[in-house]
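Note that ligands are numbered from 1 as they come in the structure, with each ligand's atoms numbered from 1 the same way.
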Amino acid sequence: MGVEITEPDISPAEYQDMRRFVFEYLAASVEKEDDGGRMRWYPWHSAEYRHNHILNVAALAEEIAEAEGADVDVTKTAAIFHDVAKLETAQDRHAEAGARIAREYLQSQGEYPQSFIDQVCRAVENHSYQGPVTDLPLETQCLIEADLLDKVGANGTALMLLRMGYESRVHMDADEMVNRVLERGIEAANRVESETARSISHQRLKRVKWFREWLEDEIAGMGE
Ligand SMILES: [Fe+2]
Ligand SMILES: [Fe+2]
């Protein structure tokens, strides 16, 4: 008996097409808004930011899924689609709307098995779930954990500082803002359950703590 080789169901070219579709969908959502749309001036209300967040989440979700023994293709595909509706739909409905868009795409492009489509859409639909992540299938759990982790760490800190600029805050507020990143990070870290996500969250929280210490070290009167 030979060794069974399991080919990935989704080719790199197919992932590329999905990513392009999602980016174009996000860009079109922003385009459609009247007079610049709500919060258009915020850096994260842009197709570019959302697309970048999606790529971060997809990379984290893949890492977690691989280590935790979840179906990597399901997890990664769900990650790519998870926020596709974010810029055209209210926050409390974007997960459900995203699942609808993912289903339409997957049913009309390529030959994806129905069970694969169902699993992907279930993960997208439930990614805003606020209860314990262990209530959900492992692939959905990996997606939620990855989504949480993207808010934690150096990247989360950089975004918060960027936001300060938009809000015309001075650098003396940085300590308070970095503290907020840390608090949110601790909340996120408390929600993740898998070993892999926990270890990523510890590493990322450590970076935020270092950054806060460095600020306090360099800026007189801070952290007193
Ligand atoms: Fe989301
Ligand atoms: Fe997200």
Taking the Fe ion (ligand 1) as the center, what protein N, O or S atoms are found at less than 2.8 Å?
-> Asp83 OD1, His94 NE2, His127 NE2
Determine whether more than 12 heavy atoms belonging to other residues, nucleotides or ligands lie under 6.0 Å from atom CD of Glu195.
-> no
Atom CZ of Arg93: over 12 foreign heavy atoms under 6.0 Å | no
Return the minimal non-hydrogen interatomic distance between Asp73 and Thr77, and the atom names on each side.
-> O-OG1, 2.7 Å
Taking the six-membered ring for Trp, are Tyr25 and Phe21 parallel (under 30°), tilted (30 to 60°) or perpendicular (over 60°)?
-> tilted
Going by the angle between their ring planes, with limits at 30° and 60°, are His127 and His94 parallel, tilted or perpendicular?
-> perpendicular
Verdict with reasoning, Arg100 to Glu104, per salt bridge (Lys or Arg N to Asp or Glu O under 4.0 Å) | CA-CA 6 Å; Arg100 252 193 327 266; Glu104 264 168 44; 5.9 Å; no
